[in-house]
Amino acid sequence: MNRALPEMLNCMNAPGTFLAGNCTDMTVLERQRARMKWHLHEHNDPIQLHQQQQGYNFSGNELSGVFSVPIPAGQAQGFMGLVCGDSAVKPDPCSENRWAELGYGSCGLVVNNNGAAGFEEMINGRNNNSNISRTFSCPPTVAAEKKSNDAVLSQKISLPTGKESFKKRKADKVQSNKAVAAEDDSTEKRMKGCAEEGDSKITEQTSTKNNTNNDRESSGDTSKDNSKASEVQKPDYIHVRARRGQATDSHSLAERVRREKISERMKYLQDLVPGCNKITGKAGMLDEIINYVQSLQRQVEFLSMKLAAVNPRLDFNIDDLFAKEMFPACAANFPTIGMSSEMTNSAYVQFNPVQQMVSSCGLDMGINSSDLALRRTISAPVSIPETFLDTSCFTQAPPTAIWDADLQNLFNVEFQQGRTTPFQSQPFTGSIEASNLKMEM
Amino acid sequence: MRNSTSLKQEFLKKWIKGLQVCNSSSEKKMTIMERKKAIKMSADIAMASTRNGTTCWSRAVIANSTQSNRVVVERILGPHKPSRSVSMVMHKKILKKSRRVCSSRSRRVLMRKRDVAKTRSIAKRLVWKKTRVLKSLVPGGEFMEDEMCLIAETLDYIVSLRAQVDVMRCLATTTEFINGK
């Protein structure tokens, strides 16, 4: 709770439109929270808020400082660097998994699409709703969709990824059942039994349309479950639909599917490459990707150079020993270490619990799409209040636990380092050489 | 379901093994550039071997480094060596053949593409150029005709490069810390 406070304060800096926007449909919990925020707002002007925040930062700094005293500054910095890298890499688990699934075979694709579809749904549905429902609703939807893989497969391709699909869906709705039937006839060779699916889809669409508020999610789920019952026994063909005016011969259909897949992967790349999500257009994205790959390759070059300079004998035996002890702990705690030293970084404070959430999500539950959603909300500066809403509902329960884990991890590392220091008496001669080498360089 | 942590650990294990092999294979004192080369090579091979030959780029990396340094590759690839080496030979054969085919085909493709590019918009050409640059960056990318394949490989390559950079940075900082103390 203590940590949630500055979060709140922080969020007050964000435009008040957030309150105005969300006041229309809020649950009791949110309303309460909003009232609290108003209360705070009355008492503190922004500058004070800022100061308070800074003070908080400092305390955080001290806190982490207390525990990292035995670690020298250089090491701390090293960890910071490590952390920076890692914070950038944090999306790894999910993206990688997604990737791996994406890469090989259609089943992977299905699982993938689960995440995508869930996410898409989240985006589509509740523009004016709070984020809580999004994040909460996400795991169940994913689960539900995982259960109905076939259903998702067929649904998915009919709604190509992204927001525009929603519009398209709307357009489809306007075109109504007749169009659907006609389309089905035209592409019947490929997709038998499409009419059924189309019907169920339409019911789902209408249901999602009708329920404009919070309960939309649940009803969508139920309708999906209903449709699942009818769609479970579908064979594993790819379901492609052509809209009115689009070519229906097999070549162009295949081409369309291919293009959709490419754009989907491009989207994953966009998520993966930092600073790429603002760029539209394929050329710009490719540019960014090229730059990123080049920079990574250069980093590898540089690091190998550095290692060569530091280690005069190319002998990592000591490090091996040390790695065996240190790395499991260190590697396992990468994200959490990242958190704690990000505490010192004032810019990150406001996102801190969110990221912890992300990390814990990624580690414990491995829910890809919720992870993704959180990242999305983090990356967008406008959505700070939303993230706040996210965190505030979560931080009530787990923060102490997370903190404890954090500190424990820190202790762990420290302890490991303490243990490894006895082994470090040997390389001293080597270090002198290394410094000489450095001088030569 | 592999997360980045296990990937990093596997990479580190293999990398260190490769470094030891490098170290033991060369008795004389190496210069800094040689050391750098060895470190980079072993890191690359280790990174590629974590993929178990499921991706094109990792196979390309391994195939490229097999020419220069067979010992390290075989050591890092470890117990699966016999079957792997057979498949590697097959793969190389295919590669050679495809290279021949590619060279004859790519000329034709190039000609056709040039004609098309004249008529089409500049943006398309730009994308194509950039795709070519990307192909030159990703190992084994020259043989990826399909754009989808290229993008997928790029994704995987980026993920593993990141893991590599992370581990290397970690090791660099820790060794620096040890030596500087």
Side-chain angles (χ1 to χ4, degrees), chain A residues 74-75 78 81-82 85-86 89 92-93 95-97 99-100 102-104 258 261-262 265-266 268-269 272-273 282-283 286-287 289-290 292-294 296-297 299-301 303-311 314-316 319-320 322-323 327-328 330-332 334 366 424 427 430-431 434 437, chain B residues 1-5 7-9 12 16 19-20 22-23 26 29-30 32-40 43-44 54-55 123 126-127 130-131 133-134 137-138 147-148 151-152 154-159 161-181:
Chain A
Q75 176 68 3
L82 200 156
D86 213 73
V89 182
D92 259 359
S95 54
E96 191 193 338
N97 287 337
W99 194 87
L102 188 148
Y104 318 114
R258 196 183 77 92
K261 271 185 190 165
I262 286 176
R265 284 176 191 199
M266 282 302 246
Y268 289 129
L269 262 179
L272 205 62
V273 178
K282 210 167 176 183
L286 279 174
D287 236 0
I289 290 161
I290 287 165
Y292 189 57
V293 170
Q294 269 176 340
L296 281 173
Q297 281 175 344
Q299 255 177 316
V300 170
E301 288 269 335
L303 283 168
S304 52
M305 193 76 193
K306 194 176 171 186
L307 278 169
V310 168
N311 295 280
L314 198 63
D315 193 5
F316 283 81
D319 294 278
D320 194 15
F322 156 75
F327 264 86
C330 187
F334 267 359
Q424 292 150 17
S431 75
L437 273 170
Chain B
M1 293 288 275
R2 294 177 62 189
N3 54 8
S4 63
T5 313
L7 183 74
K8 280 174 190 168
Q9 277 172 355
L12 184 73
I16 285 174
L19 280 174
Q20 280 167 351
C22 276
N23 197 32
S26 64
K29 200 163 163 52
M30 296 165 106
I32 189 165
M33 289 315 283
E34 277 171 352
R35 254 181 288 141
K36 182 227 161 189
K37 220 172 140 190
I39 286 170
K40 185 172 186 308
D44 280 345
T54 47
T55 52
L126 212 65
V127 168
K130 277 169 187 165
T131 314
V133 175
L134 193 64
L137 279 179
V138 177
E147 195 186 349
M148 212 159 69
I151 288 172
T154 314
L155 264 168
D156 192 86
Y157 186 54
I158 286 176
V159 167
L161 263 183
R162 269 174 165 185
Q164 194 184 10
V165 166
D166 267 0
V167 172
M168 287 177 91
R169 192 182 287 151
C170 195
L171 197 64
T173 45
T174 43
T175 45
E176 222 174 24
F177 168 64
I178 290 167
N179 289 346
K181 204 171 173 185

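Below, read A as the first sequence line, B as the second, and so on, with proteins coming before strands; counting in each chain starts at 1. What you are looking at is a predicted structure, and each value in this text was computed from that prediction instead of being measured. All values below were derived from every heavy atom in this structure, side-chain atoms included, with hydrogens, water molecules and symmetry-related copies excluded.
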- Item | Check: A:L272 main-chain N/O paired with B:R162 side-chain donor or acceptor under 3.5 Å |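 Flag set: sc B:R162 to bb A:L272 pair under 3.5 Å.
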
Distance, nearest 0.5 Å, that separates [atom1] of [X] from [atom2] of [Y]:
| X | Y | atom1 | atom2 | value |
| --- | --- | --- | --- | --- |
| A:D287 | B:L126 | CG | CG | 7.5 Å |
| B:L161 | A:Y292 | CG | OH | 8.5 Å |
| A:M305 | B:R35 | CE | CZ | 9.0 Å |
| B:L171 | A:K306 | CG | NZ | 10.5 Å |

Between [X] and [Y], which heavy-atom pair has the shortest distance, and what is it?
| X | Y | answer |
| --- | --- | --- |
| B:A172 | A:L303 | CB-CD2, 4.2 Å |
| A:S304 | B:I39 | CB-CG2, 3.6 Å |
| B:I151 | A:R265 | CG2-CB, 3.6 Å |
| A:I290 | B:K130 | CD1-O, 3.3 Å |
| B:L134 | A:I289 | CD1-CG2, 3.8 Å |

- Query: For A:Q297, which residues count as a side chain to side chain donor-acceptor pair (under 3.5 Å) partner, sequence neighbours excluded?
  - Reply: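 Partners of A:Q297 under the side chain to side chain donor-acceptor pair (under 3.5 Å) test: B:Y157.
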
- Is any side-chain heavy atom of A:Q299 closer than 4.5 Å to a side-chain heavy atom of B:R169?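 Yes, their side chains come closer than 4.5 Å.
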
- Query: Is any side-chain heavy atom of B:V133 closer than 4.5 Å to a side-chain heavy atom of A:L286?
  - Reply: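 When only atoms from C-beta onward are counted, A:L286 and B:V133 do not touch, as no gap falls below 4.5 Å.
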
- Task: Could you give me the CA-CA distance, side-chain angles and deciding distance for B:I158 and A:L269, then say whether side chain to side chain contact (heavy atoms under 4.5 Å, CB included) is met?
- Result: CA-CA 9 Å; B:I158 286 176; A:L269 262 179; 3.8 Å; yes

